[in-house]
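Below you'll find the structure, written out as structure tokens, and then a few comments.
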Amino acid sequence: MTSAPRDREIAVVAFAQTGHRRTSDELSEVEMLMPVLHEVLDRTGLKTADIDFTCSGSSDYLAGRAFSFTLALDGVGAWPPISESHVEMDGAWALYEAWTKLLTGEADTALVYAYGKSSPGSVRDVLTRQLDPYCTAPLWPDSVALAALQAQALIDAGDTDEPALAAVAARNREAATANPHAQLRGPVPQGDYLVQPLRTGDCPPVGDGAAAVILAAGDRARARCARPAWIRGIDHRIEAHALGVRDLTDSPSTRLAAERAGAFERPVDTAELHAPFTAQEIVLRKALRLGDAVEVNPSGGALAANPIMAAGLIRIGEAAARIHRGASDRALAHATSGPCLQQNLVAVLEGEPR
Amino acid sequence: MSKEPVAVVGIGQTRHVAARRDVSIAGLVREAASRALADAALTWADIDAVVIGKAPDFFEGVMMPELYLADALGAVGKPMLRVHTAGSVGGSTALVAANLVAARVHGTVLTLAFEKQSESNAMWGLSLPIPFQQPLLAGAGGFFAPHIRAYMRRSGAPETIGALVAYKDRRNALKNPYAHLHEHDITLDKVMASPMLWDPVRYSETCPSSDGACAMILTDRAGAARAPRPPAWMLGGAMRSEPTLFAGKDFVSPQAGQDCAADVYRQAGITDPRREIDGAEIYVPFSWYEPMWLENLGFAGEGEGWKLTEAGVTELDGDLPVNMSGGVLSANPIGASGMIRFAEAALQVRGQAGEHQVDGARRVLGHAYGGGSQFFAMWLVGDRPPDS
């Protein structure tokens, strides 16, 4: 590994998101995204022409058509032509690509956005298509069933039980009462088993949403934001795909990403975890060594709103927004992708001392 | 802090064919990656991160296949990024990987792009209807043929130019063991006698549908110093995008392509691309795009590109060889096609291009485009590090 200094300071200077909803039939992806793009630009006073690099995250399989991201690009206003890229990943990874672009010095500002509409199809079925196409996908094991396997493994290991999972669900939805963008705000019944041991309350809401973030380097960041959320470290790691070769009660990729991002160098006061299922928060808290002093998911997390492809970027945005408004000095943000937390990203954000 | 110079020290391709029924998707990508590692004399453990790209997931019917490919590409415990920028994706993927090295985030990165078109049907993968949105015309040829007609009308190019490009590229492919099409009995007459598919594009002026993968190992100065073979150095790289459709869009010579090339030339200190660049691997899926892109890239003035083709300038032994490998017209694993252009450019400046080597190639352009002529990715590579 190269360990040369990466001395360019880069910060999240603005964040915006939709109100996440169960359906948005009346809106195309572009129509859903546009207000968010306008809002995030307005927050910084920047115009499209001021953005040096644009990067987005979305999925053709959610949109149900090839090259779906090209439609969103029209909404961005890519004229005159822009320097632009796209990842078929959660927007958190689009932010990572933009961060590397800014590190090279080729860009000083970046617009990062992500969106996903789960409402047009059955997202549980759609996500089976991301499994090993020869050995696993033909069995159509859906995302809730796989998360239930993970939850059961955790219970079997003595790491949690159903009341503890219910407490995770309740705490996140309680936190979401203060989040006007959340889809589920306030208490939700734990309900019946969806796939044992997971009850409906243990699972994320299915919904549509979009989010956008603006990154800026150095003095450009200070000029656009009273208290920039400086990215002190960001890293991501992937694990093996086959569930049978993984210890589902642990998340070594999260731990490694956190180490690389410098998360363990000093305690954080806030953590925004991308844990769509209650049991996954237990796994992540352990991997990230989060103590009781850390405020976890003050936004309500993915259990309150889980627009696929955007939910990870929203964690970074929510963590940054807390720093912007002085509610946090050092926050950790986490994003995940793949079945049972296969791939994980960790960012450490800090505000300057007040 | 200046950027870290980026070197290509390993290149691997599969033999591109219509259907690789002998390997899974994982087997296909691992074959290309293993060859790139062997070329660089590195092992999986030497790789810090993996950046993978491919065109739409519908082309294989696997959503975000990088999740499943993590094991096959030795990515477990490492960062893995998946890029998707339409047809330009192979080039964009290489540029994203290059940025990881340039930013000193990683020392050595494996980048790879693939398509296994035989798993599905790309034409229908592109043609999904959706309410309230204009469906794409079935097949890319139907989309691009009218723009070729516009070029012919504007430039006054003779009808035969397209056939000359196809005849050249298919002959070049005979010298490239990895090319999909090896038409040993190709003649200009045969190209011109082939059936008209999308007027003016004939069957023999169209890219094939291929299974294939291409991989590169990108590294920093220290990595390049350890490499057993001469590295190719990245002298400039850029991406540009513009909307699909808008009033005033020039499909014949899109502004995004011009801007992208200008950015690459600025980074590399190129002021006269025609004289200072020794060859180009250009994304030409339909024959006529050679003269069109020659103009868009600044190798010829407006309306003059076809004259270079007609005069033989773009032949393998010409003054500005184009698509020495046989190009997209001779192998098109869609998501990989852009990276193959980038890799073939690197092979040339490394002197590793075998029978299709251009003598003394020192600076070669790799080019990719995608979508409705709206996404562009390019790099210029040289046999020496930048500003050294």
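Please read all numbers here as calculations on a predicted model, not as lab measurements. Letters A, B, ... are given to chains in the order of the sequence lines, protein chains preceding strands, and every chain is numbered from 1.
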Most heavy-atom pairs under 4.5 angstrom with chain A, which of [options]?
| options | result |
| --- | --- |
| B:Val83, B:Asp263, B:Asp46 | B:Val83 |
| B:Gly371, B:Ala70, B:Ser92, B:Gly77 | B:Gly77 |
| B:Glu60, B:Met64, B:Met239, B:Arg82 | B:Arg82 |
| B:Ala256, B:Ala238, B:Ala86 | B:Ala86 |

Which answer fits [X], side chain, backbone, both or neither, if we ask what part of it has an atom under 4.5 Å from a heavy atom of chain B?
| X | result |
| --- | --- |
| A:Glu97 | side chain |
| A:Gln343 | side chain |
| A:Ala240 | both |
| A:Ser253 | neither |
| A:Leu73 | side chain |
| A:Val76 | neither |
| A:Leu256 | side chain |

Could you go through the salt bridge (charged side-chain N to carboxylate O under 4.0 Å, His left out) check for B:Arg221 and B:Glu4 one step at a time?
CA-CA 7 Å; B:Arg221 272 173 299 197; B:Glu4 176 70 23; 3.2 Å; yes
When heavy-atom pairs shorter than 4.5 Å are enumerated against chain B, which of A:Glu88, A:Glu239, A:Arg129 gives the highest number?
A:Glu88
Under 4.5 Å from any heavy atom of chain A, what part of [X] do you find: side chain, backbone, both or neither?
| X | answer |
| --- | --- |
| B:Leu95 | neither |
| B:Gln374 | side chain |
| B:Phe246 | side chain |
| B:Asp259 | side chain |

Could B:Lys249 and B:Phe251 be counted as a cation-pi pair, given that NZ or CZ must be under 6.0 Å from the ring centre and within 45° of the axis?
yes
For A:Trp99, is the NZ or CZ atom of A:Arg8 found under 6.0 angstrom from the centre of its six-membered ring and inside 45 degrees of the ring axis?
no
Ring-plane angle category for A:Phe69 and B:Phe375, please: parallel below 30°, perpendicular beyond 60°, tilted otherwise.
tilted
For the residue pair B:His367 and B:Phe376, does the interplanar ring angle fall in the parallel (under 30°), tilted (30 to 60°) or perpendicular (over 60°) class?
tilted
Under the criterion side chain to side chain contact (heavy atoms under 4.5 Å, CB included), which of A:Leu345, A:Thr336, A:Thr254 is the partner of A:His236?
A:Leu345
Inter-residue atom distance A:Ser118.OG - A:Asn306.CG, 0.5 Å rounding
7.5 Å
A:Glu84 and B:Arg240 ion-paired at < 4.0 Å:
no
Answer yes when B:Lys54 and B:Glu66 have at least one side-chain N-carboxylate O distance shorter than 4.0 Å, and no when they do not.
no
Please evaluate residues B:Asp211 and B:Arg21 with respect to the criterion salt bridge (charged side-chain N to carboxylate O under 4.0 Å, His left out), reporting the C-alpha separation (whole Å), side-chain torsions for both, the decisive distance (0.1 Å), and the verdict.
CA-CA 9 Å; B:Asp211 284 1; B:Arg21 300 198 197 286; over 6 Å; no
